[in-house]
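Side chains are part of it too, since the values below use all heavy atoms of this structure and drop only hydrogens, waters and symmetry mates. Lettering of chains follows the sequences in order, A, B, ..., and the numbering in each one begins at 1.
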Amino acid sequence: MIMEIITAVKGFKDILPGEAGKWQYVEEQARKIFTAFGCLEIRIPILEKTDLFARGIGEATDIVEKEMYTFRDRGADLITLRPEATASIIRAYLEHHLYAADPVAKLYTIGPMFRRERPQKGRYRQFHQLDVEILGYEDARIDAEVILMLIHFLKSVGLKSPQLELNSLGCPSCRPSFRESILQFLQGKEGDLCEDCQRRISTNPLRVFDCKMEGCKHIIAQAPVIQDFLCGGCRDHFAEVLASLAVFDIAYTINPRMVRGLDYYARTTFEITTDFLGAQNAIVGGGRYDGLIRDLGGPDIPGIGFAIGFERLLAMMPADQCDDFIKPPALFIAALGTEAQKFAYQLCNRFRMQGIPTEMDYTAKGLKSQMKRADRLKCRKVLIIGDREIEAQQADLRDMQTGEQVKVTLDNPEEWKDRI
RNA sequence: GUGGGUGUAGCUCAGUUGGUUAGAGUGCCGGGUUGUGGCCCCGGAGGUCGAGGGUUCAAAUCCCUUCACUCACCCCA
């Protein structure tokens, strides 16, 4: 009987050793930079109660409506594989009363998210995000600071020209009047809108701005823009964000038609896109969510954050940034014969315990094939031991780049281990 | 959820109007070098041609069904 190999679930990808080094590099870079900006790591569960996302992200969003992995936990609560990190971070912040000791919390997390969409380039059902959330500051300088950190990070991993788009979505005191005027504007034009947008009029009219259908884009081009409806507070706030960005010469374009797919955003929102990546061109999305913590049952504390699409970021990193993440072993021990193998086995593991990455071959093959393996592993040096060498307590240490060989003593490896 | 494209060796791909034993490059194993990698030369292993059905004397090739992958719509990071 032929056994069929079990494959991974659709949209779920393996990160193979060849690419894992790249992941580690980007993660390290992120930790370094986020830490310098005062962020602390938080690790949160992958499963949450479904209500958290329904309340946090918004019932009418696509994510909640049709993309979540939701199931019943053995007949108990409805639980969901997290589709994003913000709601979970705020849940943890509230659950552990982090705001009691200090309302300000600057947090980051790195991990997998899950959305059941049709996979394509730059879009997987399990994907990873680098997520930063700054809670407790309303100051517009924080908005700019977050963006500064983000762009600094993106450039540090080799991203050539991140394009920053900005908008302000207003707040609960000014958005209703904007919403009203949009509804008025769309009145009578329903017939010219696509099916989805007709539905959006009743669910979330702002999302019509996001539509990519030519007909809808044409109509929306003449629609009123949020900027004209911002209240004094929001207008000042946005102006100060721009002024603070100017301090660091951060280039941006204001996109008054940019709205976001999650309901909780207010005031500053931003997106970073690139044209390298096909249709899925957004690598970062973020913004301010001043009402969210309260909506989730907490005190009225403001917040701002962003999420970077890890896979998309990696896909855009220049090739020369992606090489050489695999560190080859420093030493290969080629051992011929029983005695030499015995000796090699000991020495190999002794070196490893001293932190020297060392490899050997256990199949008793000829020297030629062991050399070949050493070469394939890209080892810098090879120690060649046979019965002759055991007898003489001296072996050849070969430099694989220059081909030079020197005699080293076997009874005292400490003498030459620094030369590996 | 809706469209398009592609499935042949581990990988990248050829394969003519249907025709005999399905190929190349690369990788892997071995040899040329009795104990020295890379370059070169020689040899070897490796394929139910995605799966199922149909047409035919004959199917990788034509038809149908199905599955997988992929790109795009949509949505978003």
Novice: What I want to check is whether an N or O donor and acceptor connect the side chain of A:E67 with the base of B:rG1 at under 3.5 Å.
Specialist: no
Novice: Counting only heavy atoms not in A:K32, do more than 12 sit closer than 6.0 Å to its NZ atom?
Specialist: no
Novice: Kindly express the pairing pattern of RNA chain B in dot-bracket notation, using | wherever a base pairs with another strand and counting only Watson-Crick or G-U pairs under 3.5 Å.
Specialist: (((((((..((((.....[...)))).(((((.......))))).....(((((..]....))))))))))))....
Novice: If you measure from the P atom in B:rA14 to the same atom in B:rC74, how many Å do you get, rounded?
Specialist: 31 Å
Novice: Pairing donors with acceptors under 3.5 angstrom, does anything connect the side chains of A:T86 and A:Y264?
Specialist: yes
Novice: Flag as yes if A:F127 stacks onto the base of B:rA77 (centroids under 5.5 Å, planes under 30°), otherwise no.
Specialist: yes
Novice: Where the side chain of A:R115 is concerned, which of B:rG37, B:rA77, B:rG35 is the nearest nucleotide?
Specialist: B:rA77
Novice: Could you give the distance separating B:rG47 and B:rG35 at their P atoms, to the nearest angstrom?
Specialist: 33 Å
Novice: For B:rA45 and B:rC40, measure between their P atoms and round to the nearest Å.
Specialist: 23 Å
Novice: Between B:rG38, B:rU70, B:rA77, which nucleotide has the shortest distance from any of its atoms to the side chain of A:E117?
Specialist: B:rA77
Novice: Strictly under 3.5 Å: I want the nitrogen or oxygen pairs between protein and nucleotides 27-30 of chain B, one per line.
Specialist:
residue: B:rC28; atom: OP1; partner: A:R376; partner atom: NH1; Å: 3.2

Novice: Let me check something: any side-chain donor-acceptor pairs from residues 375-395 of chain A under 3.5 Å, sequence neighbours excluded? List them with distances.
Specialist:
residue: A:K381; atom: NZ; partner: A:R419; partner atom: O; Å: 3.3
residue: A:E389; atom: OE1; partner: A:G386; partner atom: N; Å: 2.8
residue: A:Q393; atom: NE2; partner: A:I390; partner atom: O; Å: 2.8

Novice: Taking B:rG43 as the reference, what is the distance to B:rG25 when you measure between their P atoms (whole Å, please)?
Specialist: 11 Å
Novice: Is it true that A:F34 and A:F153 have ring centroids separated by less than 6.0 Å?
Specialist: yes
Novice: Can A:R123 and A:E117 be counted as an ion pair, charged N to O under 4.0 angstrom?
Specialist: yes
Novice: How many angstroms lie between CZ in A:R141 and CG in A:L148, if you round to the nearest 0.5 Å?
Specialist: 13.5 Å
Novice: Confirm from the modelled atom types if A:R123 and B:rC74 form a donor-acceptor pair under 3.5 Å, side chain to base only.
Specialist: yes
Novice: Which of the following nucleotides, B:rA77, B:rG35, B:rG37, is nearest to the side chain of A:R398?
Specialist: B:rG37
Novice: Under 4.0 Å, heavy atoms only, any strand: does A:F332 hit a base, just the sugar-phosphate, or nothing?
Specialist: nothing
Novice: Tell me what A:D131 touches on the nucleic acid: a base, only sugar-phosphate, or nothing, going by heavy atoms under 4.0 Å.
Specialist: nothing
Novice: Taking the six-membered ring for Trp, are A:Y99 and A:Y93 closer than 6.0 Å centroid to centroid?
Specialist: yes
Novice: Taking only the P atom of each, what is the distance from B:rG37 to B:rG30 in whole angstrom?
Specialist: 13 Å
Novice: If you check the A:Q120 side chain, which of B:rG38, B:rA72, B:rG32 turns out closest?
Specialist: B:rA72
Novice: Protein-nucleotides 2-12 of chain B N/O pairs closer than 3.5 Å?
Specialist:
residue: B:rU2; atom: O4; partner: A:R118; partner atom: NH1; Å: 2.3

Novice: With sequence neighbours left out, write down each residue that passes side-chain contact (heavy atoms from CB on, under 4.5 Å) with A:I44, or none if nothing qualifies.
Specialist: A:I42, A:R82, A:A85, A:S88, A:I89, A:A92, A:T109
Novice: Could a donor-acceptor pair under 3.5 angstrom be found where the side chain of A:Q405 meets the base of B:rU36?
Specialist: yes
Novice: For A:A307, answer base if it contacts any base atom (sugar-phosphate contacts may also be present), sugar-phosphate if it contacts only those atoms, and nothing otherwise; contact means non-hydrogen atoms under 4.0 Å.
Specialist: sugar-phosphate
Novice: Between the protein and nucleotides 66-68 of chain B, which nitrogen or oxygen pairs are less than 3.5 angstrom apart?
Specialist:
none

Novice: For a quick check of understanding: with a heavy-atom distance under 4.0 Å over all strands, which category does A:I308 fall into, base, sugar-phosphate or nothing?
Specialist: nothing
